[in-house]
Amino acid sequence: MSTKIVIEPVTRVEGHGKVTIHLDDMGNVDEARFHIVEFRGFERFIQGRPYWEVPVLVQRLCGICPVSHHLAASKAMDAVIGVDTITPTAEKMRRLMHYGQIYQSHALHFFHLASPDLLFGFDADASQRNVIAVAQEFPQLATQGIHMRRWGQQIIEATAGKRIHGTGSIPGGVNKNLSLEERDRFLADLDQQLQWAREAVAIARDYTMEHLETARGFAAFPSNHVGLVDDEGVLDLYDGRLKAIDPDGEVIFEGMEAHEYSDYLAEEVRPWSYMKFPFIRSLGPRRGWYRVGPLARVNLCRRMGTPEADAAREEFMALTDGKPNHLTLAYHWARMIELLHCAERIGELLDDPDLQGDELTTSGEFRGEGVAIIEAPRGTLFHHYRVDRNDQVTMANLIVSTTSNNEAMNRAVTDVAEKYLSGQRITDGLLNHVEVAIRAYDPCLSCATHALGQMPLSIEIVGPDGAVLASRLKG
Amino acid sequence: MTTAVKPRIATVSLAGCFGCHMSLLDIDERLLDLVEIVDFDRSPIDDIKTFTHRCAIGLVEGGCANDENVHVLEEFRENCDILVSIGECARTGGIPALRNSIPLAECLDEAYRSGPTVYNPTGTLPTDEELPLLLNRVVPCHEVVRIDYHVMGCPPSAETLWQVLTALLSNEKVQLPYELIKYD
Ligand code: SF4
């Protein structure tokens, strides 16, 4: 008879999740489902709020990358109020905030959340596999991670006003510039940060190369990839046009502008998860799923656009002869290449006197509708709003990064379940590998469901008749 | 390492955005001091998913939006000597409670049936038995269990959290200067 296995909760990932593994009559894995169990209803309750409140309100979807929502909402509201180009000071302040954000988020993910798996092995005991044990056994690495995150957070504080849920970006521009004093404080740390970022790329690269066998057999599968690039095809994390490639690297679409997003993408609803399943319309719901985030971005851009990250990317792409890399575990390496890219971009920006300019805002002719796309740490993020003549929001639609990786995460879990499930027993090996697979995507489940919570993981084994045969809570 | 028993801390994010947890991480290098003086029990910061010991302090982020949140919060009350609600979501319901004035069905409809990118030919809603039951209202923690302290802010700053924690750990009265209790 067929069966279902349930795993919950997944920790060191943000948000509530649960995994069920469904077995067929032969006892083989039929399908694994990664359920997102929280729901917020943001799309509805934002209606009626004044548009200028949205950039500060919507970031409360996610305290892990609030800047991404803060900026995506600001960009969408720029369009709503008819501003196509903000002042150079405003654009550069926003970019600095954004690079600071991706820098801190990637550092957090790598050092605080993922490093225990890489340093201690996937099978290490739970009491050891956490950042506190890293702090005790590898104090230098832990301190470095903390200092990298701190630098990014301080940049956010200087540009947004607060480390978490700042207010610096507003429809039409920003509300402050960067003082020389603040600039000099960040410049003083730049060389050290660049050095640490280079080392982080080396750690992630060496880890991948040394564990290539594991990586090739661990939730590796071909997929489409989606991300933003500029007009030359160079990675642009703040703005640009959307591009999609297939598993061989062939272009599915490119040059897509923000306002066209709903012509290209749709999201399927499945009854067992609050997180929807996005797909490329031209390929349909079965074949059109795609991945986003560091791996997708490094795969699909022509260049990173900064010298050191470009060199690091070439090494990365050499592994697959220039074709897209499909290894789930390669996300970590790609993430660190982006970390280095952000440090370089921050360095360029700090040298730019526009940051001390005092033209902060621009106004335009009210349009009432706006769509914005930005690359958040975890992948492409879409915000779309309609606003009426009373300045009140009438419609909001968000496709957040983690949602775009929904199908990929489900496939990763299915793949791992096929390999590590023995009989109907939920072993530690199975639990750990499921978590590591999900964690590679760095899901921020809070914003994926527009809700948040710690992510516990429970596994349940379910028979074909729906009866639960075994269940276990990880811990 | 010493064998002296350190006080244990548990933390959880219910219907919150994780920003309060991030703010705790914003104590930066003092994190290393913190892990010297306390052990973390059940918390998303480590890999512990169920209580292993009784805890001196429980920090709760987020209010309750579904039956599972309620259940977890009750577990925290049972297992923690001092329970602290951290941030506006825990204290008032926060932004998620904006849905309280709207029928739940309308919120679900908007998210899963109406949006410009929704593909849902059968009009199905997420109703699987694996999904916890949504409460019709998002409620603050103190409506569910007794809460010993409330820390305000969205999120409370790292400094605020640090001062609250160190005061509670050393059994001192929590006295916060004005700068730490003003917020936007
Ligand atoms: S209080 Fe603010 S920071 Fe804390 S969980 Fe709620 S929205 Fe996030």
Side-chain angles (χ1 to χ4, degrees), chain A residues 6 9 11-12 14 16 18 20 35 37-41 43-45 57 60-64 66 108 112 126 129-132 135 139 142-143 146-147 149-150 153 163-165 167 262 265-269 271-274 276 285 384 397 399 446 451-457 473-475, chain B residues 12-23 25-26 28-29 31-32 35 40 42-50 52 62 65-66 68-69 94-96 98-99 101-102 104 106-112 115-120 124-128 130-132 134 154-155 157-158 184:
Chain A
V6 180
T11 42
R12 285 190 282 131
E14 283 61 67
H16 271 107
K18 182 191 249 186
T20 56
H35 307 264
V37 301
E38 295 229 353
F39 168 76
R40 274 207 184 160
E43 296 88 343
R44 177 63 186 83
F45 71 60
L57 195 158
R60 264 97 183 167
L61 289 175
C62 176
I64 310 208
L108 172 81
H112 298 62
R129 227 159 21 95
N130 59 61
V131 67
I132 297 157
T143 311
I146 287 172
H147 284 144
R149 176 166 187 276
R150 184 180 66 178
Q153 288 290 80
R163 282 179 168 210
I164 297 163
H165 301 331
T167 54
S262 59
L265 301 173
E267 306 168 276
E268 187 184 5
V269 177
W272 45 267
S273 181
Y274 283 121
K276 288 174 264 194
H384 177 194
N397 188 38
I399 306 178
S446 63
L452 191 307
Q454 127 202 14
M455 180 170 159
L457 180 68
L473 191 72
K474 175 141 197 274
Chain B
V12 68
S13 176
L14 305 173
C17 80
F18 233 78
C20 290
H21 272 79
M22 291 298 117
S23 197
L25 292 185
D26 278 341
D28 298 329
E29 56 279 8
L31 265 181
L32 301 174
V35 300
F40 277 86
R42 179 186 165 150
S43 168
I45 291 170
D46 54 34
D47 247 3
I48 305 179
K49 295 155 212 281
T50 47
T52 61
N66 62 39
E68 192 180 275
N69 296 152
I95 298 282
L98 284 179
R99 81 159 156 87
S101 58
I102 300 157
L104 186 54
E106 272 185 39
C107 292
L108 289 163
D109 251 21
E110 189 70 26
Y112 302 105
T117 46
V118 168
Y119 172 79
N120 189 1
T124 184
L125 289 176
T127 50
D128 197 81
E130 298 302 340
L131 304 175
L134 292 167
C154 178
S157 72
D184 44 81

Checklist entry - Looking only at atom types and distance, does a side-chain atom of B:Tyr112 sit under 3.5 Å from a main-chain N or O of A:Lys276, one as donor and one as acceptor? => result no
Next on the checklist: Please rank A:Ala135, A:Ser262, A:Pro66, A:Ser273 by heavy-atom pairs under 4.5 Å with chain B and give me the top one.
Outcome noted: A:Ser273
Checklist outcome for this item: If one checks every heavy atom of A:Pro285 against chain B at 4.5 Å, the contacting part turns out to be side chain
Item to check | Between B:Leu125, B:Thr124, B:Val118, the one whose heavy-atom pairs under 4.5 Å with chain A are most numerous | outcome: B:Thr124
Item to check | Pick from A:Val269, A:Leu265, A:Ile146 with the largest number of heavy-atom pairs that fall under 4.5 Å of chain B | outcome: A:Val269
Checklist entry - Just wondering, do A:Tyr274 and B:Leu108 contact through their side chains at under 4.5 Å, heavy atoms? => result yes
Item to check | Minimum heavy-atom distance between B:Gly16 and A:Arg40, given as atom pair plus value | outcome: O-NH2, 2.8 Å
Checklist entry - For B:Leu31, is it the side chain, the backbone, both, or neither that has a heavy atom closer than 4.5 Å to a heavy atom of chain A? => result side chain
Checklist outcome for this item: chain A shares the most heavy-atom pairs under 4.5 Å, among B:Val35, B:Asn120, B:Leu98, B:Leu32, with B:Leu98
Checklist entry - Can you tell if the side chain of B:Pro155 reaches within under 4.5 Å of the side chain of A:His165, non-hydrogen atoms only? => result yes
Checklist outcome for this item: Most heavy-atom pairs under 4.5 Å with chain A, out of B:Cys20, B:Ser101, B:Pro96, belong to B:Pro96
Checklist entry - chain A heavy atoms under 4.5 Å from B:Leu104: which part of the residue, side chain, backbone, both or neither? => result side chain
Checklist entry - Can you tell me how far CD1 of B:Ile102 sits from CZ of A:Arg44, rounded to the nearest 0.5 angstrom? => result 4.0 Å
Checklist entry - Any donor and acceptor pair, going by atom type alone, linking the side chain of A:Arg163 with main-chain N or O of B:Asp26 inside 3.5 Å? => result yes
Checklist outcome for this item: If one checks every heavy atom of B:Ile95 against chain A at 4.5 Å, the contacting part turns out to be both
Checklist entry - What residue, out of A:His147, A:Glu268, A:Arg149, A:Gln153, has the most heavy-atom pairs lying under 4.5 Å from chain B? => result A:Arg149
Checklist entry - Looking only at heavy atoms, which two atoms of A:Ile164 and B:Gly19 are closest? And how far apart? => result CD1-O, 3.4 Å
Next on the checklist: Is there a side-chain contact (heavy atoms from CB on, under 4.5 Å) between B:Met22 and A:Ile64? Walk through the geometry before answering.
Outcome noted: CA-CA 7 Å; B:Met22 291 298 117; A:Ile64 310 208; 4.0 Å; yes
Item to check | Sidechain-backbone polar pair: A:Arg60 side chain, B:Gly94 backbone, donor-acceptor under 3.5 Å | outcome: no
